[in-house]
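In what follows, chains are A, B, ... by sequence order, proteins preceding strands, each numbered from 1.
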Protein chains: 2
Amino acid sequence: MNTNARSNRKQDIRQERETLILRAAEKVFAEAGFGGATMQLIADMAGLPKANLHYYFPTKEALYRQVVQNIFQIWLHAADVFDSADGPAEGIGAYIDAKMEISRTHTDGSKVWASEVMHGAPVIQDYLETTLAEWTDGRIKVIQRWIDQGRMAPVNPRHLLYMLWATTQHYADFGHQIETLNKGKPLNRAQWAEAKASVKQIILAGIGITRDTAA
Amino acid sequence: MNTNARSNRKQDIRQERETLILRAAEKVFAEAGFGGATMQLIADMAGLPKANLHYYFPTKEALYRQVVQNIFQIWLHAADVFDSADGPAEGIGAYIDAKMEISRTHTDGSKVWASEVMHGAPVIQDYLETTLAEWTDGRIKVIQRWIDQGRMAPVNPRHLLYMLWATTQHYADFGHQIETLNKGKPLNRAQWAEAKASVKQIILAGIGITRDTAA
DNA sequence: CCACAACCTGACCATATGGTCAAGAAAAAT
DNA sequence: ATTTTTCTTGACCATATGGTCAGGTTGTGG
């Protein structure tokens with residue numbers, strides 16, 4: 001019927017089902033971990049029979065791998081703002097904003113990622129060794145250049161990066177703890193803004209940026 | 001035979017076996033998560049038959065709970081240095097040192113704790129609501145006092161605490177990632193010192209402490 | 001309208017897992 | 001020496017889980 005113009009039904013369904021399953025899987029993996037998650041649980045969450053999951057994703061591990069890869073992409077892309085920045089105040093400030101936003105909007109994915117790494121990165125070790133290693137080296141150079149240009153205090157760029165990752169991810173991975181300490185309620189809009197501002201304030205001051213071109 | 005003087009054999013064995021099992025359990029739970037860990041795996045790690053574990057710990061969950069509670073105690077005690085400090089430079093500096101040390105020496109426990117919280121704290125929710133909440137409120141007051149006294153920059157104490165937790169825990173929870181980015185090798189003594197120094201430098205500078213009574 | 005391919009799913013299976021238990025070994029108490 | 005208590009463990013069980021599959025349904029191309 002259609003050569004190319006109108007996308008066919010089957011493809012639509014495939015796409016739709018896959019993302020539906022992935023979303024459900026992300027949630028279940030985040031809540032229960034890989035070992036604690038069951039295909040049945042994911043199926044129920046997605047409102048599909050279990051056998052259907054296995055039609056789209058051959059094994060639990062394949063499904064999990066896809067979830068992890070997806071969040072990794074998002075995670076890496078957050079760094080785009082980093083590169084297009086003029087200097088440390090803008091670059092690092094924007095990066096914090098971006099990563100905090102990911103923690104807020106992709107909480108489940110962040111947890112899955114954290115869980116994966118915590119357990120020795122069994123399925124994405126190669127990504128860590130290649131893509132992430134290169135990415136990290138690149139940003140370290142950028143930061144080092146800023147330091148050499150006297151645009152920020154001389155700190156260890158690598159550990160600064162770790163601190164950025166740690167601090168921003170914390171709001172996702174330990175979100176439950178934060179919520180509990182917030183009288184059991186999730187942070188509201190104002191509180192998220194306060195969190196972002198605090199993180200930026202301390203870190204930017206920590207690297208010797210007072211208030212120049214700060215975003 | 002013995003009334004009290006010499007501790008009896010049975011008690012010794014009980015103590016010994018329990019800690020042996022707990023140590024093995026901590027490792028396995030850290031590596032595989034609660035769901036991925038199996039009693040058989042823990043038994044093998046401890047070099048005991050599985051049925052023996054069930055003699056000392058009735059269920060997998062009971063064993064897990066004990067592991068989590070143990071690390072929580074260690075975690076809380078790290079704050080002792082915080083209280084006995086004269087001011088922010090010493091207090092926060094020492095706290096960072098203490099928590100970094102925990103990350104280095106109790107990596108497995110830290111991961112178990114992180115995992116527990118990430119999955120919604122199913123077994124230690126009450127601790128979060130009571131002990132941890134009180135602890136946090138107490139430290140916030142201390143920090144606030146320091147701010148009021150003009151001994152550090154006016155930052156949000158709560159988010160400062162979160163940052164301290166996040167940054168220091170990161171070196172345990174994401175240790176695998178850090179190791180991978182360190183050419184696959186664990187941080188050596190000098191690198192750990194560098195990490196500690198970097199964290200302290202950035203955070204202390206971030207809260208407006210240049211170099212007074214810094215530890 | 002037909003043949004073909006893609007999609008769906010209830011029923012099923014092999015395996016792994018948490019947990020039990022009974023029978024015995026080791027130590028303590030009497 | 002004997003009774004009692006604590007500890008040990010191989011064998012066992014009920015259940016849950018990841019995964020399969022055959023037969024059926026739905027959409028697609030001709």
Side-chain angles (χ1 to χ4, degrees), chain A residues 1-22 24-29 31-68 112 119 122-123, chain B residues 1-22 24-29 31-68 112 119 122-123:
Chain A
M1 193 200 284
N2 53 69
T3 49
N4 195 314
R6 179 169 298 278
S7 62
N8 74 32
R9 192 80 224 286
K10 281 273 156 90
Q11 269 181 13
D12 285 356
I13 286 187
R14 175 155 217 121
Q15 195 66 37
E16 186 187 297
R17 284 279 195 273
E18 278 183 358
T19 62
L20 177 70
I21 293 169
L22 283 170
E26 184 176 275
K27 194 163 194 173
V28 174
F29 282 133
E31 283 172 1
F34 178 80
T38 71
M39 293 300 271
Q40 190 60 61
L41 234 52
I42 297 172
D44 292 347
M45 180 78 65
L48 295 173
K50 190 183 68 158
N52 205 351
L53 303 208
H54 280 101
Y55 176 73
Y56 288 102
F57 299 91
T59 66
K60 181 182 172 185
E61 205 181 301
L63 175 53
Y64 175 74
R65 187 172 301 144
Q66 192 62 54
V67 170
V68 173
V112 175
H119 298 148
V123 324
Chain B
M1 192 198 281
N2 52 69
T3 49
N4 195 314
R6 178 169 298 275
S7 63
N8 74 33
R9 191 82 226 287
K10 280 275 153 91
Q11 267 181 13
D12 286 356
I13 286 190
R14 175 155 217 121
Q15 195 66 36
E16 187 186 298
R17 285 276 194 274
E18 278 184 357
T19 63
L20 177 70
I21 293 168
L22 283 169
E26 182 175 275
K27 195 164 194 174
V28 174
F29 282 134
E31 284 172 0
F34 179 80
T38 71
M39 293 300 273
Q40 190 60 61
L41 234 50
I42 297 172
D44 292 347
M45 179 78 63
L48 296 173
K50 192 184 66 158
N52 206 351
L53 302 208
H54 279 102
Y55 175 72
Y56 288 102
F57 300 91
T59 64
K60 180 182 172 185
E61 206 182 298
L63 176 53
Y64 175 75
R65 187 172 301 143
Q66 194 60 53
V67 170
V68 173
V112 176
H119 298 147
V123 324

(request) Evaluate the ring planes of A/Phe34 and A/Phe29, with Trp represented by its six-membered ring, and classify them as parallel (under 30°), tilted (30 to 60°) or perpendicular (over 60°). (result) parallel

(request) Send over the distance from B/Leu63 CG to C/dG19 P, rounded to a whole Å. (result) 10 Å

(request) Look at the side chain of A/His54 and decide which nucleotide, out of D/dT8, C/dG18, D/dG19, has an atom nearest to it. (result) D/dG19

(request) Using atom CG of A/Leu20 as one end and atom P of C/dC8 as the other, report the distance to the nearest whole Å. (result) 11 Å

(message) A side-chain contact here means heavy atoms from C-beta on lying under 4.5 Å apart; do A/Glu31 and A/Leu41 qualify?
(response) no

(message) Side chain of A/Lys60 only, heavy atoms from C-beta on: which candidate in D/dG19, D/dT8, D/dT9 is closest?
(response) D/dG19

(request) State, yes or no, whether a side-chain contact exists between A/Ile42 and A/Leu48 at a heavy-atom distance under 4.5 Å. (result) no

(request) Round to the nearest Å and state the distance from A/Phe57 atom CZ to C/dC8 atom P. (result) 12 Å

(request) Given side-chain contact (heavy atoms from CB on, under 4.5 Å), test B/Val112 with B/Tyr64 step by step and report yes or no. (result) CA-CA 9 Å; B/Val112 176; B/Tyr64 175 75; 3.9 Å; yes

(message) Classify A/Tyr56 by what it touches in the nucleic acid, base, sugar-phosphate, or nothing, heavy-atom distance under 4.0 Å.
(response) sugar-phosphate

(message) Nearest to the side chain of B/Arg17, heavy atoms from C-beta on, is which of C/dC8, D/dT8, C/dG10?
(response) D/dT8

(request) Considering just the side-chain nitrogens and oxygens of A/Tyr55, establish if one lies under 4.0 Å of OP1 or OP2 belonging to D/dT20. (result) no

(message) If you only use heavy atoms from C-beta on, which nucleotide in D/dG18, C/dT9, C/dG18 is closest to the side chain of B/Met39?
(response) C/dG18

(message) With a 6.0 Å cut-off (strictly less than), is the heavy-atom count around NZ of B/Lys27, excluding the residue itself, greater than 12?
(response) no

(message) Side chain of A/Ala51, heavy atoms from C-beta onward: which of D/dG10, C/dG10, C/dC8 has the nearest atom to it?
(response) C/dG10

(request) Measure distances between side-chain N and O atoms of A/Lys50 and base N and O atoms of D/dG19, and say whether any donor-acceptor pair falls under 3.5 Å. (result) yes

(message) Measure CG/B/Leu48 against P/D/dG10 and give the value in whole Å, please.
(response) 11 Å

(message) Strictly below 4.0 Å: does A/Arg14 bring a side-chain N or O up to OP1 or OP2 of C/dA6?
(response) no

(message) Over all strands shown, is B/Ala37 touching base, sugar-phosphate only, or nothing at heavy-atom distances under 4.0 angstrom?
(response) sugar-phosphate

(message) What is the separation between atom CG on B/Asn52 and atom C1' on D/dC7, rounded to the nearest whole Å?
(response) 8 Å

(message) What is the separation between atom CD on B/Gln40 and atom P on C/dG18, rounded to the nearest whole Å?
(response) 9 Å

(message) In whole Å, I'd like the distance from the CD atom of A/Glu16 to the P atom of D/dG27.
(response) 13 Å

(message) Without decimals, in angstroms, what is the distance between B/Ile13 CD1 and C/dA25 P?
(response) 17 Å

